[in-house]
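In this text, all values refer to a predicted model and were calculated from it rather than measured experimentally.
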Amino acid sequence: MGQRKTGQMKAFFRQWQLQSMVVPGIVWMFVFCYIPMLWLIIAFMDYSIAKPMLQSPLVGLKHFEAFVSDDRFWRSIRNTLGMSAIKLALGFPIPILFALLLNEIRNLRFKRTVQTISYLPHFIAWTIFGGIMLNWMGEGGVVNQLLVGLGLQEREILYISDPKYFWWITYFSDTLKETGWSAIIYIAAISGVDPGLYEAAELDGANRWQRMWHITIQCIRPTIAILFILAVAGMLGSNFDQIFMLKNNMNLKMAESLDLYVYNMGLVSGRHSFSTAVLFARSIVALALLFMANSASKKLSGEGIF
């Protein structure tokens, strides 16, 4: 064991130029992720921005009891879980399928063109992309024109103002914007599959779909499992930028996610201790979801993060 550690240390110092590249990331994480955790204590205080933190009185679990008894909080939980469940059930498999289909394209120029076009929307800010979606979903927008033209609906509908459509709009817009970008990690995993496996399967008479199912998917299963675990752990989170751009007073009852609730309580209403308590509780639940998803994944597929 001692020789192994000595060998690892020697390898580390031989590669000090490469190892030093992670230093900016470590510093960033420490400054923006770990130091702010000290301020979690205000969840147990009546904190006022007008005086030093340590001079604020301790109130115990007052703010935790307050948000648990708030109907608006539970509505935001329902909305967050609803949108996250749709994205997880219907959105999570799409980048995998896209990566698998892209891998089957033999024309390299066409393959690269499709991949480039697919991940370009990721680089468009939600302030712009949200405006595009509002235009598409409005009366006279491309969605209404298409559906009316195909005879799938009789008249134009103002989708963005109807609460019952909001969850599906978030799913559609998120899938349209992020599918290509999310597929990159699966494409990278597929590129690491041994080509000899495909050649051996082809000699055994396996067709393209069989090679995809029995070789490609099986080889990238660890990557799928890890990303699925992280997706489950993040179910209480939502894309704040997306929700903020697409919500309005008419669809707010279905649009107010937990992140938007925290924003309204913390920054708009100035209830900093209250919003910190909500985020504190959400982090604890997210950690529990992470362990549960990891345990379930290890039992079902034998793959997990830890």
Check your understanding: Does F228 reach the side chain of S297, with side-chain heavy atoms less than 4.5 Å apart?
Key -> no
**Study point:** R112 atom CZ, neighbour heavy-atom count above 12 within 6.0 Å
**Key:** no
Check your understanding: Where do L197 and V193 come nearest, in terms of heavy atoms and distance?
Key -> CD1-CG1, 4.3 Å
**Study point:** Any donor-acceptor pair under 3.5 Å from T175 side chain to F172 backbone
**Key:** no
Point to revise | Neighbour count >12 (heavy atoms, 6.0 Å) for atom CD, E154 | key: no
Review point. From D174 CG over to S182 OG, what is the distance, rounded to the nearest 0.5 angstrom?
Key: 7.5 Å
Check your understanding: Just by modelled atom types, is the L279 backbone N or O under 3.5 Å from a matching donor or acceptor in the S283 side chain?
Key -> yes
Review point. Are any side-chain N or O atoms of N251 and backbone N or O atoms of I160, one a donor and one an acceptor, separated by less than 3.5 Å?
Key: yes
Revision key, fill the gap. CG (L81) and CG (L258) are apart, to the nearest 0.5 Å, by 9.0 Å
Check your understanding: Just by distance, do the side chain of R282 and the backbone of G237 share a donor-acceptor pair under 3.5 Å?
Key -> no
Exercise for review: Please test M265 against D70 for side-chain contact (heavy atoms from CB on, under 4.5 Å), starting from the C-alpha separation and ending with a verdict.
Suggested key: CA-CA 12 Å; M265 291 298 178; D70 185 5; 3.9 Å; yes
Review point. Can Y198 and I215 be said to form a side-chain contact (heavy atoms from CB on, under 4.5 Å), step by step?
Key: CA-CA 7 Å; Y198 294 109; I215 297 177; 3.8 Å; yes
**Study point:** Partner of I224 under side-chain contact (heavy atoms from CB on, under 4.5 Å), chosen from L227, I226, I220
**Key:** I220
Check your understanding: Taking side chain as C-beta onward, heavy atoms only, is I105 less than 4.5 Å from L102?
Key -> yes
Review point. At their closest point, which heavy atom of I187 faces which heavy atom of Q115, and how far apart are they?
Key: CD1-NE2, 3.6 Å
Exercise for review: Return yes when atom CD1 of I41 has more than 12 non-hydrogen atoms of other residues, nucleotides or ligands closer than 6.0 Å, and no otherwise.
Suggested key: no
Review point. Parallel, tilted or perpendicular: which fits the ring planes of F64 and F67, with parallel below 30° and perpendicular above 60°?
Key: tilted
**Study point:** Nearest heavy-atom neighbours spanning M254 and F166
**Key:** O-CD2, 3.8 Å
Review point. So, does N264 use its side chain to make a donor-acceptor pair with the main chain of L260 at under 3.5 Å?
Key: yes
**Study point:** Step-by-step side-chain contact (heavy atoms from CB on, under 4.5 Å) determination, L90 to I94
**Key:** CA-CA 7 Å; L90 302 179; I94 290 180; 5.8 Å; no
Check your understanding: What is the minimum heavy-atom distance between S238 and S257, and which atoms define it?
Key -> OG-OG, 3.0 Å
Review point. Roughly how far, to the nearest 0.5 Å, is the OH atom of Y47 from the OG atom of S56?
Key: 7.0 Å
Point to revise | Check: T179 and Y119 side chains under 4.5 Å, non-hydrogen atoms | key: no
Point to revise | Closest non-hydrogen atom pair between R155 and N144, with its separation | key: O-OD1, 4.4 Å
Practice item. Check the hydrophobic clustering (I, L, V, M, F, W, Y; side-chain heavy atoms under 4.5 Å; chains of links allowed) and say if L290 and L300 are grouped together. Key: no
**Study point:** Approximate separation, where rounding is to 0.5 Å, of K164 NZ and K253 NZ
**Key:** 11.0 Å
Check your understanding: Are there more than 12 heavy atoms of other residues, nucleotides or ligands under 6.0 Å from atom CG of N207?
Key -> yes
Exercise for review: Please indicate whether F123 has more than 12 foreign heavy atoms, meaning atoms of other residues, nucleotides or ligands, lying under 6.0 Å from its CZ.
Suggested key: yes
**Study point:** Donor-acceptor contact present, side-chain N294 to main-chain F306, <3.5 Å
**Key:** yes
Exercise for review: Using modelled atom types only, decide if a donor and an acceptor are shared between the side chain of K177 and the backbone of H122 within a distance under 3.5 Å.
Suggested key: yes
Check your understanding: Can you check whether F129 and W126 have ring centres sitting under 6.0 Å from each other?
Key -> yes
Review point. Is a donor on one side and an acceptor on the other found under 3.5 Å between the side chain of S275 and the backbone of H272?
Key: yes
**Study point:** Donor-acceptor contact below 3.5 Å, side chain S191 vs main chain A188
**Key:** yes
Check your understanding: Is it true that atom NZ of K298 has more than 12 heavy atoms of other residues, nucleotides or ligands lying nearer than 6.0 Å?
Key -> no
Review point. Once you round to the nearest 0.5 Å, how far does CE of M212 lie from CD1 of I217?
Key: 7.0 Å
Practice item. Group every Ile, Leu, Val, Met, Phe, Trp and Tyr by side-chain heavy-atom contacts under 4.5 Å, then state whether L246 and M250 land in the same group. Key: no
Practice item. Please name the pair of heavy atoms, one in A189 and one in T223, separated by the smallest distance, quoted to 0.1 Å. Key: CB-OG1, 3.7 Å
**Study point:** Within one Ile-Leu-Val-Met-Phe-Trp-Tyr cluster: V148 and M137, side-chain cutoff 4.5 Å
**Key:** no
Check your understanding: Using 30° and 60° as the class limits, which term best fits the ring planes of Y171 and W168: parallel, tilted or perpendicular?
Key -> perpendicular
**Study point:** ILVMFWY network linking M83 to F73, side-chain heavy atoms under 4.5 angstrom
**Key:** no
Check your understanding: Given Y261 and N79, is the side chain to side chain donor-acceptor pair (under 3.5 Å) satisfied, shown in steps?
Key -> CA-CA 11 Å; Y261 176 78; N79 293 338; over 6 Å; no
Exercise for review: Decide yes or no for Y263 and D259: does some side-chain heavy atom of the first lie under 4.5 Å from some side-chain heavy atom of the second?
Suggested key: no
Review point. Roughly how far, to the nearest 0.5 Å, is the CD atom of E104 from the NZ atom of K111?
Key: 8.5 Å
Exercise for review: Flag yes if more than 12 heavy atoms outside W136 fall under 6.0 Å of its CH2 atom; otherwise flag no.
Suggested key: no
Practice item. Evaluate the side-chain proximity of K62 to D46: yes if any heavy-atom separation is below 4.5 Å, no if none is. Key: yes
Review point. Do you reckon I284 sits in the same ILVMFWY cluster as V68, going by side-chain contacts under 4.5 Å, direct or chained?
Key: yes
Practice item. Would you confirm whether T276, through its side chain, and L40, through its main-chain N or O, come within 3.5 Å as a donor-acceptor pair? Key: no
Exercise for review: Flag yes if more than 12 heavy atoms outside M292 fall under 6.0 Å of its CE atom; otherwise flag no.
Suggested key: no
**Study point:** Side-chain heavy atoms of V59 within contact of F44, under 4.5 Å
**Key:** no
**Study point:** Verdict with supporting geometry, E256 and K247, side-chain contact (heavy atoms from CB on, under 4.5 Å)
**Key:** CA-CA 8 Å; E256 188 174 33; K247 59 95 177 169; over 6 Å; no
Exercise for review: Find out whether F244 and N239 are in side-chain contact, i.e. whether some heavy atom of one side chain is under 4.5 Å from a heavy atom of the other.
Suggested key: no
